[in-house]
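To keep things clear, I will list the structure first and then write my remarks on it.
Start at 1 and go down the list; that is how both ligands and their atoms are numbered.
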Amino acid sequence: MSIPREQYAQIYKDNNHPIEYKKVPVPKPGPDEVLINIKYTGVCHTDLHAWKGDWPLRTKQNLIGGHEGAGVVVAVGELVEEIKVGDHAGIKWLNGSCGHCEFCMAGDEPLCEKALLSGYTVDGTFQQYAIGKAVHVARIPKEAPLDAIAPILCAGITVYKALKESNVRAGQTVAIVGAGGGLGSLAIQYAKAMGFRVIAIDTGSEKQEMCLKTLGAEEFVDFAKGDIVANVKSVTGGLGAHAVILLAVSEKPFQQAAEYCRSRGTIVCVGLPPKARVSAEVFSTVIRMITIKGSYVGNRLDTQEAIDFFARGLIKAPFKVGKLSELTKVFQLLEEGKVAGRYVLDTSVSSINHILG
Ligand code: 8ID
Ligand code: ZN
């Protein structure tokens with residue numbers, strides 16, 4: 001397999017500064033790493049946080065962002081045995097971890113203090129050739145389309161894990177807040193595949209239609225219209241949802257969820273609005289036995305399980321395709337809340353077709 005010396009990449013020179021789309025050298029994998037020719041990369045709201053620098057965690061300088069990259073392995077380091085040139089594979093948020101700390105040993109590698117984060121502390125997938133530690137690279141079955149599976153590598157894994165963390169059982173109801181976004185659209189599909197009933201919370205007719213008609217939520221509550229708490233209660237027999245999965249990039253729902261979560265229910269915080277706080281009234285949290293917790297991506301087993309759901313044809317979420325050169329435009333649309341579902345970028349430069357105009 002011939003590997004070029006140079007490739008196109010999107011580079012963040014500095015937070016909030018124009019992103020440079022230019023040619024850079026193709027990186028070389030170390031002994032425990034693989035080099036993947038990224039065919040498609042999803043654009044997660046996390047990428048926008050990284051470029052803006054709005055989280056209390058520093059990014060690498062001259063960063064190549066992106067962490068939902070699906071492609072073909074083109075080179076492997078000398079210590080790599082389990083994955084071969086020609087295999088389909090994906091780079092996800094967790095690029096590497098130490099393997100030795102108590103969290104790694106317990107299969108909680110996202111909690112490893114030495115974790116390497118794709119498109120944040122190490123270069124990610126907004127380039128044609130990206131590197132991942134072989135033990136963390138996601139294995140993608142050859143039959144799976146690389147464009148549709150790209151969003152599974154962060155959004156899919158994350159929402160699948162969050163739904164497991166909610167302890168909801170089949171037949172119970174989960175409220176998905178931010179349901180019309182990238183994580184949300186996949187959360188509806190995973191929830192349904194796991195036998196849960198879904199109330200989608202977001203805004204606008206495009207997202208409403210997608211959530212109800214395309215993805216199969218039973219109810220849609222528009223957060224910009226009327227009283228959310230009353231509306232969620234009215235569609236759940238007055239008791240509220242068994243679990244609330246918070247995927248929104250705004251603070252308000254993190255302070256409201258406890259009011260429409262059912263007694264004994266669980267609120268799972270996933271979205272990461274900058275400088276936001278979670279809050280709930282102590283008295284009712286206690287006497288209604290509400291659990292409030294965080295959930296952060298997933299481990300390697302969650303990754304494989306999330307991919308299995310997709311490979312079995314159970315996860316079908318709409319996505320739009322742009323070119324890698326159009327990243328800045330996609331960031332703008334995300335910032336404005338105008339992306340229903342996910343954007344996936346095609347990294348090939350053969351057709352310089354600017355789909356977004
Ligand atoms: O492991 C994790 N915890 C993890 C993994 C991946 C992503 C966390 N995230 C974080 C991202 O960094 C981001 O903060 O999850 C958040 C959502 O990521 P996304 O799904 O990629 O973002 P999006 O596509 O922009 O979707 C956000 C949706 O939230 C809605 C918007 O309309 C949009 O559809 N929303 C907002 I903003 N305010 C809302 C509100 N008050 C709301 N929906 C309901 N109520
Ligand atoms: Zn992500």
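- E281 and S284 form a side-chain donor-acceptor contact under 3.5 Å, judged by distance and modelled atom types alone.
- Atom 7 (C) of ligand 1 has as its closest protein heavy atom T46 OG1, 3.3 Å.
- Judged by the 6.0 Å and 45° rule, R312 forms no cation-pi pair with F310.
- In terms of N/O distances under 3.5 Å, ligand 1 is not approached by P273.
- Distance check for H45 against the Zn ion (ligand 2): none of its N/O/S atoms falls below 2.8 Å.
- The nearest non-hydrogen atom to atom 33 (C) of ligand 1, considering only D202, L247, T203, comes from D202.
- With respect to atom 35 (N) of ligand 1, the closest heavy atom belonging to the protein is A248 CB, 3.7 Å.
- For atom 2 (C) of ligand 1, the closest non-hydrogen atom on the protein side is T158 CG2, 3.6 Å.
- Scanning all protein heavy atoms for the shortest distance to atom 29 (O) of ligand 1 gives G178 CA, 3.5 Å.
- Between K13 and N62, the closest side-chain pair of non-hydrogen atoms falls below 4.5 Å.
- Which parts of ligand 1 touch L334 is read off a 4.0 Å heavy-atom cut-off, strictly below it: atoms 24 (O), 25 (O).
- A salt bridge does not link E33 with K28: none of the charged nitrogens is closer than 4.0 Å to a carboxylate oxygen.
- Ranking protein heavy atoms by distance to atom 8 (C) of ligand 1, first place goes to V270 O, 3.1 Å.
- Contact analysis leaves G337 out of contact with ligand 1, as no non-hydrogen atom separation drops below 4.0 angstrom.
- When only interatomic distances are considered, the shortest N/O to N/O separation between G181 and ligand 1 falls below 3.5 Å.
- Side-chain contact annotation: Y160 with E305, donor-acceptor N/O pair under 3.5 Å present.
- For the Zn ion (ligand 2), the nearest N, O or S atom contributed by H67 is named NE2.
- Using a 4.0 Å cut-off between a side-chain N of Lys or Arg and a carboxylate O of Asp or Glu, D123 and K60 qualify as a salt bridge.
- Under the 4.0 Å criterion applied to side-chain N and carboxylate O atoms, E109 and R300 are assigned as salt-bridge partners.
- The ligand atoms of ligand 1 that sit less than 4.0 angstrom from a heavy atom of I201 are 43 (N), 44 (C).
- Rounded to 10 degrees, the SG-metal-SG angle spanning C154 and C44 at the Zn ion (ligand 2) equals 130°.
- Ligand 1 is never approached by K161 to a heavy-atom distance shorter than 4.0 Å.
- Between the side chain of H242 and the backbone N or O of V168, no donor-acceptor pair lies under 3.5 Å.
- The nearest heavy-atom contact from the protein to atom 44 (C) of ligand 1 is F223 CD2, 3.2 Å.
- Close contacts between ligand 1 and Y296 involve ligand atoms 1 (O), 3 (N) [criterion: under 4.0 Å to a heavy atom].
- Set against the non-hydrogen atoms of K207, the atoms of ligand 1 under 4.0 Å away are 31 (C), 32 (O), 33 (C), 34 (O).
- Less than 4.0 angstrom separates some heavy atom of G180 from each of these atoms of ligand 1: 34 (O).
- The N/O atoms of P253, backbone and side chain alike, include none that comes under 3.5 Å of an N/O atom in ligand 1.
- No donor-acceptor pair under 3.5 Å is formed between the side chain of E68 and the backbone N or O of L153.
- Residue-level proximity to ligand 1 for W55 is carried by the side chain, the only part with a heavy atom below 4.0 angstrom.
- No salt bridge links E206 with K338; every basic N to acidic carboxylate O contact stays at or beyond 4.0 Å.
- Close N/O approach between C154 and ligand 1 is not found [any backbone or side-chain N/O within under 3.5 Å].
- Shortest contact from atom 22 (O) of ligand 1 to any protein heavy atom: H45 CB, 3.2 Å.
- Taking all heavy atoms of A257, A200, S250 into account, the minimum distance to atom 41 (N) of ligand 1 is reached by S250.
- In terms of polar-atom proximity, defined here as any N/O pair under 3.5 Å, K252 makes no such contact with ligand 1.
- Just one residue in the list T46, D47, T125 forms a side chain to side chain donor-acceptor pair (under 3.5 Å) with H67, and that residue is D47.
- Polar contact check, G184 against ligand 1: no nitrogen or oxygen pair lies under 3.5 Å apart.
- Any N or O atom pair closer than 3.5 Å counts here, and S295 shares at least one such pair with ligand 1.
- Inspection of the T203 and D222 side chains reveals an N or O donor paired with an N or O acceptor under 3.5 Å.
- Atom 1 (O) of ligand 1 has its closest protein heavy atom at V297 N, 2.6 Å.
- The ligand atoms of ligand 1 that sit less than 4.0 angstrom from a heavy atom of V177 are 44 (C), 45 (N).
- Residues Y120 and W55 form a side-chain contact, since some pair of their non-hydrogen atoms from C-beta on lies under 4.5 Å apart.
- Of the polar atoms of R342, at least one N or O is found under 3.5 Å from an N or O of ligand 1, judged by distance alone.
- In summary, the side chains of N231 and K233 do not present any donor paired with an acceptor at a separation below 3.5 Å, with no hydrogens or angles considered.
- Each of V297 and V270 belongs to its own hydrophobic cluster when Ile, Leu, Val, Met, Phe, Trp and Tyr are linked at side-chain heavy-atom distances under 4.5 angstrom.
- Few gaps surround CZ on R262; more than 12 heavy atoms of other groups in view lie less than 6.0 Å from it.
- At least one donor-acceptor pair closer than 3.5 Å links the side chain of E251 to the backbone N or O of R277.
- At under 3.5 Å, a nitrogen or oxygen of L183, whether backbone or side chain, sits near a nitrogen or oxygen of ligand 1.
- Using cut-offs of 30° and 60° on the angle between ring planes, the pair W93 and Y296 is perpendicular.
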